[in-house]
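Encoded as structure tokens, the structure appears first; notes follow it.
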Amino acid sequence: MTTHPAFDLAAAIASQLADPDVPRSWAVPSYGQHLAYGPPGIALLHIELAAHGLGPWQRAHDWLAAASRQPLTSGPDSHPFYGAPALAHALACAADQVPGSYQRALEAMDQQIAIDVGRRLDAAHRRIDAGRLPQLAEFDAIRGLTGYGAYLLRRSPDGDTTRAVLDYCVRLTEPLTDQDETLPGWWTETGPSGNPDDRFPGGHANHGMAHGIGGVLALLALAAQHGTVVSGHHAAMRTILAWLDRWETGPGPAWPYWITRDELRANRLTPSVPRRPSWCYGTAGLARAQQLAALILGDAHRRIEAENALVAALTDSDQLKVITDDGLCHGFAGLAHLAARVADDAHAMTADRIRAAIPALLDKIHPPGAALRSGDPGLLDGAAGVALALIAPSTTTPPRSSWDSCLLIA
């Protein structure tokens with residue numbers, strides 16, 4: 001297998017994270033069940049390497065065992081990146097590669113997840129019935145129903161709970177009225193942190209893949225790709241796309257992280273400096289979501305426009321210079337992985353341009369020791385995520401364990 005030198009960094013990080021029982025300052029109990037920071041996310045690295053035949057399965061098992069040493073959190077204190085759902089994602093990635101493994105644990109978790117999702121859906125529909133605006137944590141990919149949808153789509157693509165989440169996503173796109181103003185159904189009263197913020201009087205509409213409507217669009221598109229479509233499914237995607245079209249800027253095109261109440265009232269964006277393109281926020285993640293939607297809707301023009309937006313983001317020095325880390329969530333490694341995923345589904349005229357930009361991104365990744373010295377070995381911002389994100393672009397082969405399904409990019 002031909003690899004870019006960046007793969008050696010991934011292998012080195014995996015080696016340094018081989019044993020969960022090596023004492024480390026970050027190994028605090030509260031991280032034990034966290035996909036972003038703890039053992040479940042680190043297990044994904046070893047699962048993916050083992051799936052490629054590039055590492056031992058024992059390492060993956062050891063990290064999965066480390067993640068389950070404490071009683072698993074479920075119910076309202078859990079979410080897709082914490083507790084039983086987080087470990088379930090990692091176990092599912094391993095189980096798909098080693099048939100018959102972890103099935104009893106997964107079945108028990110799936111039952112609990114279905115109960116938890118049902119409670120969340122009931123609360124969300126009551127909120128909509130009352131005409132109230134949502135919290136980001138109700139629907140986002142990290143803490144909310146979109147993230148649960150990503151897991152359910154993998155485990156039970158046509159299941160009743162999966163369809164119920166998709167029905168909710170459709171309903172989320174229906175407008176609401178607040179203070180005599182018509183707002184998109186995903187408008188929140190808070191700032192992007194999910195907390196009240198004086199910088200966002202009147203709240204905001206979040207576009208991100210991690211916390212905004214970009215993740216909802218991606219989930220709807222991926223569900224349709226699996227053949228699971230509910231009433232209003234395509235119309236909901238078109239509603240989100242029309243909203244993004246309204247706020248598209250050039251050159252690129254590009255899309256803002258969010259829209260404030262003042263911008264909505266003025267129907268124009270506040271001038272701003274270039275923002276980093278990444279998975280969690282910005283043009284890169286939204287380009288993938290729109291590419292996926294365009295493929296389902298048969299919209300060739302939108303597909304090419306989305307792919308060209310990514311090309312622009314990958315080659316624009318003003319956007320690239322505001323990337324300050326290597327991580328999966330918003331760093332160079334994550335951008336390279338996302339680019340590889342988009343290129344796999346891109347039109348021939350843009351696929352080559354996207355792939356041509358990837359080596360320069362990989363060359364920006366720091367040595368593996370730097371990632372570990374940051375004190376974070378985890379998935380979203382730490383060393384394991386850097387290593388995982390390097391595998392596909394440096395080997396030019398798609399992930400085999402579908403570890404990135406939790407990011408709603410595949």
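Just so we're clear, the structure is a prediction, and the values are computed from it rather than from any experiment.
- By the 4.5 Å heavy-atom criterion applied to side chains, Leu166 and Val230 are counted as neighbours.
- Trp57 places no side-chain N or O within donor-acceptor distance of the main-chain N or O of His46, the cut-off being under 3.5 Å.
- Defined by atom type and a distance below 3.5 Å, a donor-acceptor pair is missing between the side-chain atoms of His301 and Asp299.
- Taking the ring centroids of His34 and Tyr82, they lie under the 6.0 Å cut-off.
- Under the 4.0 Å criterion applied to side-chain N and carboxylate O atoms, Arg275 and Asp318 are not assigned as salt-bridge partners.
- With hydrogens and angles left out, the side-chain atoms of Gln33 and Gln70 include no donor and acceptor closer than 3.5 Å.
- No side-chain heavy atom of Thr161 sits less than 4.5 Å from a side-chain heavy atom of Ser156.
- For Ala67 against Leu72, the heavy-atom pair with the smallest separation is O-CD2, 4.1 Å.
- By the 4.5 Å heavy-atom criterion applied to side chains, Ser231 and Val170 are not counted as neighbours.
- Summarising the local packing, CZ of Arg246 is surrounded by more than 12 heavy atoms from other residues, nucleotides or ligands at distances under 6.0 Å.
- Listed for the His347 side chain is a donor-acceptor partner under 3.5 Å among the backbone atoms of Met349.
- Atom CE of residue Met109 and atom CG of residue Leu87 lie 4.0 Å apart, to the nearest 0.5 angstrom.
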Got a list of side-chain donor-acceptor pairs under 3.5 Å for residues 207-222, not counting sequence neighbours?
{"unit_1": "His207", "atom_1": "ND1", "unit_2": "Pro256", "atom_2": "O", "d": "2.9"}
{"unit_1": "His207", "atom_1": "NE2", "unit_2": "Trp243", "atom_2": "NE1", "d": "2.8"}
{"unit_1": "His211", "atom_1": "ND1", "unit_2": "Asp140", "atom_2": "OD2", "d": "2.7"}

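- Of the possible polar contacts, one joining the Thr260 side chain to the Glu263 backbone as a donor-acceptor pair under 3.5 Å is found.
- Not one N or O on the side chain of Ser15 forms a donor-acceptor pair closer than 3.5 Å with the backbone of Ala11.
- The two atoms that bring Leu35 and Cys406 nearest to each other are CD2-SG, 4.2 Å, heavy atoms only.
- Contact of the Tyr148 side chain with the Ile113 side chain is registered, since non-hydrogen atoms from C-beta on lie closer than 4.5 Å.
- Shortest non-hydrogen contact noted between Pro39 and Gly32 is CD-O, 3.4 Å.
- The ring pair (Phe, Tyr, Trp, His ring centres under 6.0 Å) check on Tyr102 picks up nothing, with sequence neighbours excluded.
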| said: Is there a salt bridge (Lys or Arg N to Asp or Glu O under 4.0 Å) between Asp77 and Arg143? Walk through the geometry before answering. | reply: CA-CA 10 Å; Asp77 292 330; Arg143 300 161 296 175; over 6 Å; no
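- Atom SG in Cys280 sits 8.5 Å away from atom CD1 in Ile142 (nearest 0.5 Å).
- Taking CG from Leu390 and CG from Asp8, the interatomic distance works out to 10.5 Å, rounded to the nearest 0.5 Å.
- Taking the side chain as every heavy atom from C-beta outward, Pro80 and Tyr151 never approach each other to under 4.5 Å.
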| request: Any chance you could lay out the side chain to side chain contact (heavy atoms under 4.5 Å, CB included) test for Arg276 and Gln319, step after step, and finish with the verdict? | output: CA-CA 5 Å; Arg276 68 187 175 199; Gln319 293 186 63; over 6 Å; no
| request: Report the C-alpha separation of Leu145 and Leu172 in whole Å, then their side-chain angles, then the decisive distance to 0.1 Å, and conclude whether the side chain to side chain contact (heavy atoms under 4.5 Å, CB included) test is met. | output: CA-CA 11 Å; Leu145 285 163; Leu172 186 69; over 6 Å; no
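- The two residues Pro157 and Thr228 make their nearest non-hydrogen contact at O-OG1, 2.7 Å.
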| Which is it for Asp262 and Thr270 under the side chain to side chain contact (heavy atoms under 4.5 Å, CB included) test, yes or no, and what are the steps along the way? | CA-CA 9 Å; Asp262 287 343; Thr270 302; over 6 Å; no
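- Checked for salt-bridge contact, Asp316 and Lys321 miss the test: no charged N lies under 4.0 Å from a carboxylate O.
- With Thr283 contributing its side chain and Trp255 its backbone, the two residues share a donor-acceptor pair below 3.5 Å.
- With hydrogens and angles ignored, the 3.5 Å screen pairs no side-chain donor or acceptor of Asp326 with any backbone N or O of Ile365.
- Under the salt bridge (charged side-chain N to carboxylate O under 4.0 Å, His left out) criterion, the residue pairs touching residues 146-161 are Asp96-Arg154, Asp110-Arg155, Asp158-Arg163, with sequence neighbours excluded.
- Using a 4.5 Å heavy-atom threshold, the side chains of Trp279 and Leu335 count as separate.
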| Leu264 and Leu183: CA distance, side-chain angles, deciding distance, side chain to side chain contact (heavy atoms under 4.5 Å, CB included) verdict | CA-CA 9 Å; Leu264 181 66; Leu183 303 172; 3.3 Å; yes
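- In this structure, Ile323 and Ser278 have side chains that are not in contact, with every pair of non-hydrogen atoms separated by 4.5 Å or more.
- Considering Leu297, Asp245, Thr173 as possible partners of Arg238, the one that fulfils the side-chain contact (heavy atoms from CB on, under 4.5 Å) test is Leu297.
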| task | Begin with the C-alpha distance, continue with both residues' side-chain angles, and end with the deciding distance and a verdict on salt bridge (Lys or Arg N to Asp or Glu O under 4.0 Å) for Asp345 and Arg288. | result | CA-CA 10 Å; Asp345 293 322; Arg288 177 56 167 168; 2.9 Å; yes
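- Considering only heavy atoms from C-beta on, Asp178 comes within 4.5 Å of Arg261 through its side chain.
- Side chains of Arg302 and Gln290: a donor-acceptor N/O pair is present below 3.5 angstrom, by distance only.
- Summarising the geometry of Arg303 relative to Ala346, their closest heavy-atom pair is NH2-C, 3.1 Å, with the distance given to 0.1 Å.
- The existence of a salt bridge linking Arg127 and Glu138 is confirmed by a sub-4.0 Å separation between a basic side-chain nitrogen and an acidic carboxylate oxygen.
- Donor-acceptor pairing under 3.5 Å is recorded for the side chains of Tyr281 and Asn206.
- Between the CD atom of Glu48 and the CD atom of Gln97 there is a distance of 7.5 Å, given to the nearest 0.5 Å.
- For the atom pair CG of Leu379 and CD1 of Ile42, the computed distance is 9.0 Å after rounding to the nearest 0.5 Å.
- Note that CG of Asp122 and OH of Tyr168 are 12.5 Å apart. Values are rounded to the nearest 0.5 Å.
- Considering every non-hydrogen atom in both Ala90 and Leu64, the closest pair reads CB-CD2, 3.7 Å.
- With hydrogens and angles ignored, the 3.5 Å screen pairs a side-chain donor or acceptor of Thr146 with a backbone N or O of Phe139.
- Looking at Arg171 and His125, their side chains do bring a donor and an acceptor atom within 3.5 Å of each other.
- Seen from the ring of Trp403, Arg341 does not count as a face-on cation partner, given the 6.0 Å and 45° thresholds.
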